[in-house]
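Down below is the structure, laid out as structure tokens.
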Amino acid sequence: MMDKVYETSNPPKVTEDGGFGEIRSQTHPPFSILTSTILFCAEIVAASVVAAGYSYSEDEAWMSLTIVFMLVPSIMVQLTLTFIHRDLGRDRPLILLMHLLQLGPLIRCVEALIVYCSMGREEEPYVSISRKKKLQGWGAAEEEEREVGHSLRRLATHRNAFKRTAVVQAFLGSTPQLTLQLYVSVLERNVPPARAVLMAMSLASTTYGALILNVLAIQIKYDDYKVCLSVPAFLCIVMWRCLEIATRVTVLVLFCSALKGWVTAVALGNLLALFLLPWIKFWRSGASLPKNVEKNFSWFGTITVLGSMTLLYSAINMFCWSAVQLNLSDRDLIDQSQNWGRLSLHYSIRLVENAALILLWYFYKEDVFEYICSPLLVVQLLVGYITAIFFMLLFYQYLHPCRFLFSHNVENYLACVCCRRCIKHRDDGRETAV
């Protein structure tokens with residue numbers, strides 16, 4: 001029997017006192033699922049073509065790394081989809097076969113499209129009622145009721161699964177792939193068309209994954225509200241994330257090309273520090289391991305899942321701000337507080353680190369970089385990262401969909417920091433005068 005979302009017969013009601021209104025159960029086409037699937041397939045195809053080119057030119061090292069950065073995230077994507085849909089305990093041999101063939105996103109996308117197209121064919125009773133608050137402007141909110149049917153719930157499960165896989169693909173595959181291909185291009189001083197396409201696909205996938213992180217962070221923190229990004233907010237996030245990731249990757253590649261012996265120390269130092277930070281906070285809190293990760297998991301399975309999440313968290317923060325913060329002592333594993341201090345500390349450290357790495361490259365660069373204007377490149381990279389910070393501040397101050405719910409915004413935080421410094425300088429001046 002084909003599925004349909006049950007629709008209420010009453011039209012939307014808007015009350016003056018922020019009352020209660022019923023709306024029709026409607027949903028948008030699964031554009032996010034299509035986008036994730038297209039980026040996944042495009043990057044796999046582009047990486048295969050580039051790996052074949054390396055095989056033809058007998059560059060076995062670059063070919064092996066390209067294949068690794070193609071297959072490892074693909075395997076993680078298949079495991080993520082299987083875990084979210086809980087297919088291991090169900091009799092679905094075709095789905096499991098497609099996952100073994102690394103074609104899981106394709107079959108899941110087709111399944112989601114079938115669910116969406118079948119909605120509205122036949123009636124079905126709703127299985128639950130969802131209540132969300134919709135911000136009208138300047139903090140005013142109206143509560144809406146939505147009746148959720150089987151089809152809508154299945155489609156929501158597909159959307160959530162593809163959001164998670166987009167993040168996994170972006171930061172366990174696309175970002176390392178982009179870094180590798182840019183490094184090879186710098187060494188060879190040549191960018192073939194196939195490699196340029198692969199780098200463009202990797203940058204697009206990483207930017208999209210970072211955009212999904214922002215959306216997930218907002219949805220997790222403001223779970224009671226219906227969140228919709230405006231077009232200016234969407235474009236602002238894209239500019240912020242694209243500039244942040246592109247400048248960060250370029251800085252790391254240039255530093256790697258000049259000081260190859262220090263690459264391992266810098267990369268492993270970043271990953272290890274970011275990996276251990278959530279576990280140190282968890283150890284200091286004295287809490288026990290969360291037991292709601294999966295009811296059928298053993299202690300070892302829970303540790304494995306938490307370790308994988310922490311590895312993904314460290315890979316994200318190595319290249320950009322994660323937006324979602326891990327809290328292993330919390331039952332939801334997510335810190336839902338808006339910590340402006342942590343945000344400012346991250347970007348301050350990254351700006352100083354990027355400046356130090358690019359200056360080290362400038363002083364220790366090889367002769368192959370004489371064909372470019374090195375001082376101009378240094379300035380462009382630093383300005384690019386500062387511009388990314390500017391777009392980030394612009395988003396949180398003026399374009400965040402829930403900015404009216406902030407207890408403190410960016411302007412308040414900066415004013416507070418400036419006031420503290422002024423008071424400190426004034427007190428120091430008084431002590432000196434005395």
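The shown structure was predicted, so the numbers you read here are calculated from the model rather than taken from an experiment.
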**Prompt:** Side chains of Tyr208 and Thr35: closer than 4.5 Å at any heavy-atom pair?
**Reply:** yes
**Asked** With distance as the sole criterion, is a donor-acceptor pair present between the side chains of Ser202 and Gln177 under 3.5 Å?
**Response** no
**Prompt:** Would you find more than 12 non-hydrogen atoms of other residues, nucleotides or ligands less than 6.0 Å from Tyr362 atom OH?
**Reply:** no
**Asked** What are the two closest heavy atoms between Gly209 and Ala170, and how far apart are they?
**Response** CA-CB, 3.9 Å
**Item:** For Tyr54, side chain to side chain donor-acceptor pair (under 3.5 Å) partners two or more places apart
**Value:** Gln181, Arg195
**Complete:** One should read off an interatomic distance between Arg342 CZ and Ser322 OG, to the nearest 0.5 angstrom, of 8.5 Å
**Request:** Could you list the residues that satisfy side chain to side chain contact (heavy atoms under 4.5 Å, CB included) with Ser48, not counting sequence neighbours?
**Result:** Ile44, Met70
**Message:** Checking Ile237 against Leu229 for the side chain to side chain contact (heavy atoms under 4.5 Å, CB included) test, could you report, in this order, the C-alpha distance in whole Å, the side-chain angles of both residues, the deciding distance, and whether it holds?
**Reply:** CA-CA 10 Å; Ile237 294 177; Leu229 279 181; 4.0 Å; yes
**Listed partners of Arg164 passing side chain to side chain donor-acceptor pair (under 3.5 Å), at least two apart** = none
**Request:** Apply the test side chain to side chain contact (heavy atoms under 4.5 Å, CB included) to residues Gln325 and Lys281: give CA-CA distance (whole Å), side-chain angles for both, the deciding distance (0.1 Å), then the verdict.
**Result:** CA-CA 12 Å; Gln325 301 299 309; Lys281 292 181 179 179; 5.8 Å; no
**Request:** Would you check, one step at a time, whether the test side chain to side chain contact (heavy atoms under 4.5 Å, CB included) holds for Phe319 with Thr179?
**Result:** CA-CA 11 Å; Phe319 292 95; Thr179 307; 3.9 Å; yes
**Sub-4.5 Å side-chain heavy-atom contact between Ile358 and Trp361** = yes
**Message:** Tell me if a side-chain donor or acceptor on Ser205 pairs with a main-chain N or O of Met201 at a distance below 3.5 Å.
**Reply:** no
**Request:** Write down the atom of Ser32, the atom of Arg159, and the distance for their closest heavy-atom approach.
**Result:** OG-NH1, 4.2 Å
**Asked** Tell me, which pairs form a salt bridge (Lys or Arg N to Asp or Glu O under 4.0 Å) where one or both residues lie in residues 346-356, sequence neighbours left out?
**Response** Arg248-Glu353, Arg350-Glu353
**Interatomic distance, Ile316 atom CD1 to Ile245 atom CD1 [nearest 0.5 angstrom]** = 10.0 Å
**Spacing of CZ belonging to Phe282 relative to OG1 belonging to Thr310, to within rounding of 0.5 Å** = 10.5 Å
**Asked** Excluding sequence neighbours, so at least two apart, what forms side chain to side chain donor-acceptor pair (under 3.5 Å) with Tyr183?
**Response** none
**Prompt:** Can you list the residues that meet the side chain to side chain contact (heavy atoms under 4.5 Å, CB included) rule with Ser314, with sequence neighbours excluded?
**Reply:** Leu271, Leu274, Phe275, Leu311
**Item:** Any side-chain heavy-atom pair of Ser174 and Leu178 under 4.5 Å
**Value:** no
**Prompt:** Ile280: what forms a side chain to side chain contact (heavy atoms under 4.5 Å, CB included) with it, not counting sequence neighbours?
**Reply:** Leu276, Arg284
**Message:** If you compare all heavy atoms of Ala217 against all heavy atoms of Ala323, which two are closest, and at what distance to 0.1 Å?
**Reply:** CB-O, 3.7 Å
**Complete:** Distance col, row Ile33:CD1 vs Tyr116:OH, nearest 0.5 angstrom, shows 11.5 Å
**Message:** How close do Ala194 and Val50 get, counting heavy atoms only, and between which atoms?
**Reply:** O-CG2, 3.6 Å
**Prompt:** Just by distance, do the side chain of Thr165 and the backbone of Phe162 share a donor-acceptor pair under 3.5 Å?
**Reply:** yes
**Prompt:** Going by heavy atoms in the side chains, are Leu326 and Leu306 under 4.5 Å from each other?
**Reply:** no
**Item:** Polar side-chain atom of Glu244 near backbone of Trp321 as donor-acceptor pair, under 3.5 Å
**Value:** yes
**Asked** Side chains of Tyr396 and Leu343: closer than 4.5 Å at any heavy-atom pair?
**Response** yes
**Message:** Please report the interatomic distance CD1(Ile107) to CD1(Ile114), rounded to the nearest 0.5 Å.
**Reply:** 7.5 Å
**Asked** Looking at side-chain heavy atoms only, is the closest gap between His158 and Pro30 below 4.5 Å?
**Response** no
**Message:** Per the salt bridge (Lys or Arg N to Asp or Glu O under 4.0 Å) rule, what does the pair list look like for residues 31-56, sequence neighbours excluded?
**Reply:** none
Side-chain donor-acceptor contacts of residues 379-386 below 3.5 Å, not counting sequence neighbours, with atom names and distances?
none

**Request:** Identify the two heavy atoms, one from Leu65 and one from Leu180, that lie closest to each other, and give their separation to 0.1 Å.
**Result:** CB-CD2, 3.5 Å
**Item:** Contact check, side chains of Val191 and Met199, non-hydrogen atoms, under 4.5 Å
**Value:** yes
**Fill in**
For Lys260 and Ser257, the nearest pair of non-hydrogen atoms, with its separation, is NZ-O, 3.0 Å
**Request:** Mind checking the SG-CG spacing from Cys41 to Leu106? Nearest 0.5 Å is all I need.
**Result:** 4.0 Å
**Request:** Determine yes or no for a side-chain-to-main-chain donor-acceptor pair under 3.5 angstrom, with Thr207 supplying the side chain and Ala204 the backbone.
**Result:** no
**Request:** Apply side chain to side chain donor-acceptor pair (under 3.5 Å) to Ser57 and list each qualifying residue two or more places apart in sequence or on a separate chain.
**Result:** Asp59
**Asked** Heavy atoms, side chains only, cut-off 4.5 Å: are Arg241 and Leu211 in contact?
**Response** no
**Request:** Check step by step if side chain to side chain contact (heavy atoms under 4.5 Å, CB included) holds for Ser74 and Phe40.
**Result:** CA-CA 8 Å; Ser74 178; Phe40 174 82; 3.6 Å; yes
**Asked** Of all residues at least two apart in sequence or in a different chain, which pass the side chain to side chain contact (heavy atoms under 4.5 Å, CB included) check with Leu268?
**Response** Thr264
